[in-house]
Amino acid sequence: MKGKNLLVGLIMLVLVLSGCGNNAGNNSANSSVNSGEAAAAAGNAVEPTELSFYFTGSLNVKSMWEKIVPMFEAQNKNITVKLVHIPSGQGGQSTMDRLIAAKKAGETSVDIDLYEASGSDVLLGEAEGIFETVGIDTIPNISKIEASYMTDLNNLAVPYRASSVVLAYNSDTVSTPPQTADDLYEWIRSHPGRFAYNDPATGGAGSSFVVTALYNFLPDEAVHSQDPAIMEQWKQGFDLLKELGPYMYQEGVYPKKNQGTLDILATGEVDIIPAWSDMALEQLNKGLLPENIKLTQIEPAFTGGPAMLAIPAMSVKKEAAQTFIDFVLTQEAQETIVNEMFGYPGIKWSEMPAELQSKFESVAKGYRQFQIGELGTEITKRWQAEVAAQ
Amino acid sequence: MNLDKAGALRMKTSTAKSGLSRQTKDSITGLLMVFPSFLLLVFIVILPISLAVRESLLDPNGALSLANYKYLFTDKAMKNNIIFTLNLTVVSTVITLILGYILAIYLRFSKGRISEWIRKLYFIPMFIPAVIATYGIINMYGNHGWLARIVLALGGDSFPRFIYDYNGLLLANLWFNIPFTAMLLSSALAGIPNSLIESARDVGAGKLNLFTKFIVPMTYKTVLVAATFSFMGIIGSFTAPFLIGPNAPQVLGIAMQQSFSIYHDVGIASAMAVFMFLLCSAMGYFYIRSMVKEEPAGR
């Protein structure tokens, strides 16, 4: 008993002394790292690899990763993931700039081991050669992803979740929602003032309505073209939008932001709007949208897009990053993503549990990916000049 | 803090270098005290403005040109935006001043219980953030808002459109600017001694005469100040126009944000900023000139 007390006292003394040697803040950090290492050494006899994972997005993205990372770390004792969240609108671009700058400066390594990339990031990364190629050999679960998605990205990034624009409608007043784009335009004409899409400059849902209206008149390949010559062919689509203008909410009011149209759908001012699937599902789930609001996808579908994970080629911890991505593509992690983000899974629906499949049935028809780059800006500009100001 | 430092400095210099005259020392101290705010001005105001002016004079290839300004005044949509903004700003400022003046005069000369309550409550809008106020306006005046529902319940069949319209912006501008204007004018009116007004009445001045010969001349400078502040606040407004403004034409602030962060057209956005800056500095110029005229620098 007395000996034990003495031992505790000694340990305390040692701690205090070491605390005197260092400054106090450092000391506590050191000791926790030491104990962590000790535990790892006892368990696997390997030092854990720390992955720096840079991602951007709203708070829901952050809380999703905060759920997934502990699940991953519990299964992979030798890897820890350091989450670096860059809130959207606060320089998500800077991470790409850092990667490019590091490459141009001729450095050999970079402390960004994993990056959540957008479509334009992947295009840019491809031009600059900063992302590592990914494939089934290093990440077996990629086999669960629709093969064409991977080839669209030139195997430079892994789409791990997606969301798309869908139609949200009031099922009390709309018993049979439009099934095709032409049905929808016809419905708008026969129900003046009951449809609204948001100003495309302020949100993706309205932008998707505009872009699909233009490109439905064009051949399928056009959606992957960034050739400015294609702008000539937009006229028919813009004429359609202008013609639909007087049938819109308040004879041509386009609310601001994706939330703007959801608000007037909730108050019953309109009956159908285009909306982001994840936003609408989340608000339905939280009761912000009334229960009579239903979602559906039309044919040809609205646009949508994946969120992707990419591994910087200069990272020195590629293997750990690959292990992490492989985990993100497991059914277990994908379920968390779908439930947390109300998004689509990155892997095929057939790989998901049946219960989730039926829950998302109405919107799971898929989406179209547009890769029109800078042309999107041109569309918004012309929409502002021709449709808004008509 | 700064004062202490300056004081200490003065003591030090006066003991160390007795060669300098007192006046020189004072002016050195003065300069040192002005220096921090001067630096702040340089980096926060002067430098960004000159960068914006430079940016607005460059075409996409980096050559000097007036193309951005030409676009600003010839493009049909842009011309409409400018006319819309100026119209809204001038109309809002004038109505703000009229209503603010009436309110201030009422508060100055009325002693009833109602005016007591108004005096306590009228500046509340100043303490409500713009976003919250704007959502309040949407809830109140929206197509399905409170007022529309009340009108409908009382048997009315239509309600004028406020949200996504010029009317709504006018309403929001009045809401945001009347309290401050009334507050400025109230303090100016409070400066008119009661004895003056009473003696004017004694010699037979009517209400109209009292107003035009005494109250207006004694407060017009404050009116000018209030006009300047309202004008600048309204022309640069963003939150309300962004949330409840029409899609087209747009207020310049919105058009500028769109050019800058959606079209990535820095040149045109800068040209708009410079144009707005010139408008505001014109207002500022008249304001400062009248101030200087009235109070020759002698204090």
Side-chain angles (χ1 to χ4, degrees), chain A residues 88-93 120 170 193-194 196-204 206-207 210 241-242 244-246 248-271 290 373-390, chain B residues 60 71 74-84 131 134-135 138-146 148-149 152 158-169 238-251 253-266 268-269:
Chain A
S88 38
Q90 290 180 19
Q93 190 56 42
S120 56
N170 183 338
R194 305 306 297 171
Y197 63 92
N198 62 290
D199 181 342
T202 64
S207 159
V210 171
L241 291 172
K242 273 191 270 186
L244 289 176
M248 290 291 151
Y249 172 61
Q250 298 196 351
E251 296 173 13
V253 165
Y254 306 92
K256 311 287 170 78
K257 311 284 280 174
N258 297 324
Q259 189 59 42
T261 39
L262 281 167
D263 285 345
I264 56 171
L265 178 71
T267 57
E269 288 174 67
V270 292
D271 292 328
E374 285 291 301
L375 292 180
T377 311
E378 287 300 323
I379 293 178
T380 320
K381 233 186 209 172
R382 256 180 79 177
W383 181 89
Q384 180 64 38
E386 294 183 22
V387 183
Q390 71 173 315
Chain B
Y71 176 83
T74 53
D75 182 68
K76 193 170 137 258
M78 210 39 106
K79 246 178 9 200
N80 286 339
N81 288 348
I82 291 177
I83 294 168
F84 180 77
V131 179
T134 310
Y135 274 107
I138 293 176
N139 271 330
M140 193 72 188
Y141 298 93
N143 197 18
H144 273 212
W146 285 100
R149 271 181 271 171
L152 224 65
S158 74
F159 185 72
R161 189 208 281 179
F162 281 99
I163 305 306
Y164 308 120
D165 198 64
Y166 180 92
N167 294 338
L169 290 185
F238 183 83
T239 315
F242 183 74
L243 291 169
I244 61 175
N247 300 96
Q250 296 163 308
V251 160
I254 306 290
M256 195 170 20
Q257 186 264 350
Q258 215 171 53
S259 305
F260 184 79
S261 50
I262 295 167
Y263 310 150
H264 305 295
D265 229 332
V266 182
I268 287 168

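Within every chain, numbering begins at 1; the chains are lettered A, B, ... in the order of the sequence lines, protein sequences first and strands thereafter.
- Of residues 254-261 of chain A, those residues with a non-hydrogen atom less than 4.5 Å from any non-hydrogen atom of chain B are, in numerical order, Tyr254(A), Pro255(A), Lys256(A), Lys257(A).
- The residue among Thr380(A), Thr267(A), Val387(A) with the most heavy atom pairs within less than 4.5 Å of chain B is Thr380(A).
- Counting all heavy atoms, side chain and backbone alike, Val270(A) lies closest to Ala196(A) at CG1-CB, 4.0 Å.
- Heavy atoms of Glu378(A) lying under 4.5 Å from chain B are absent altogether.
- One distance of note links OG1 of Thr202(A) with CZ of Phe242(B); it measures 6.0 Å at 0.5 Å rounding.
- The minimum heavy-atom distance between Leu169(B) and Pro241(B), with the atom names listed, is CD2-CA, 3.4 Å.
- Atoms CD1 and CG, from Ile262(B) and Asp199(A) in turn, are 7.5 Å apart once rounded to the nearest 0.5 Å.
- The residue among Ile244(B), Ile138(B), Asn247(B) with the most heavy atom pairs within less than 4.5 Å of chain A is Asn247(B).
- Scored by the salt bridge (Lys or Arg N to Asp or Glu O under 4.0 Å) test, Glu269(A) finds no partners at all (sequence neighbours excluded).
- Under the side-chain hydrogen bond (donor to acceptor under 3.5 Å, both in side chains) criterion, Gln258(B) pairs with Gln250(B), Tyr263(B), sequence neighbours left out.
- With sequence neighbours excluded, the residues that form a salt bridge (Lys or Arg N to Asp or Glu O under 4.0 Å) with Lys381(A) are Asp265(B).
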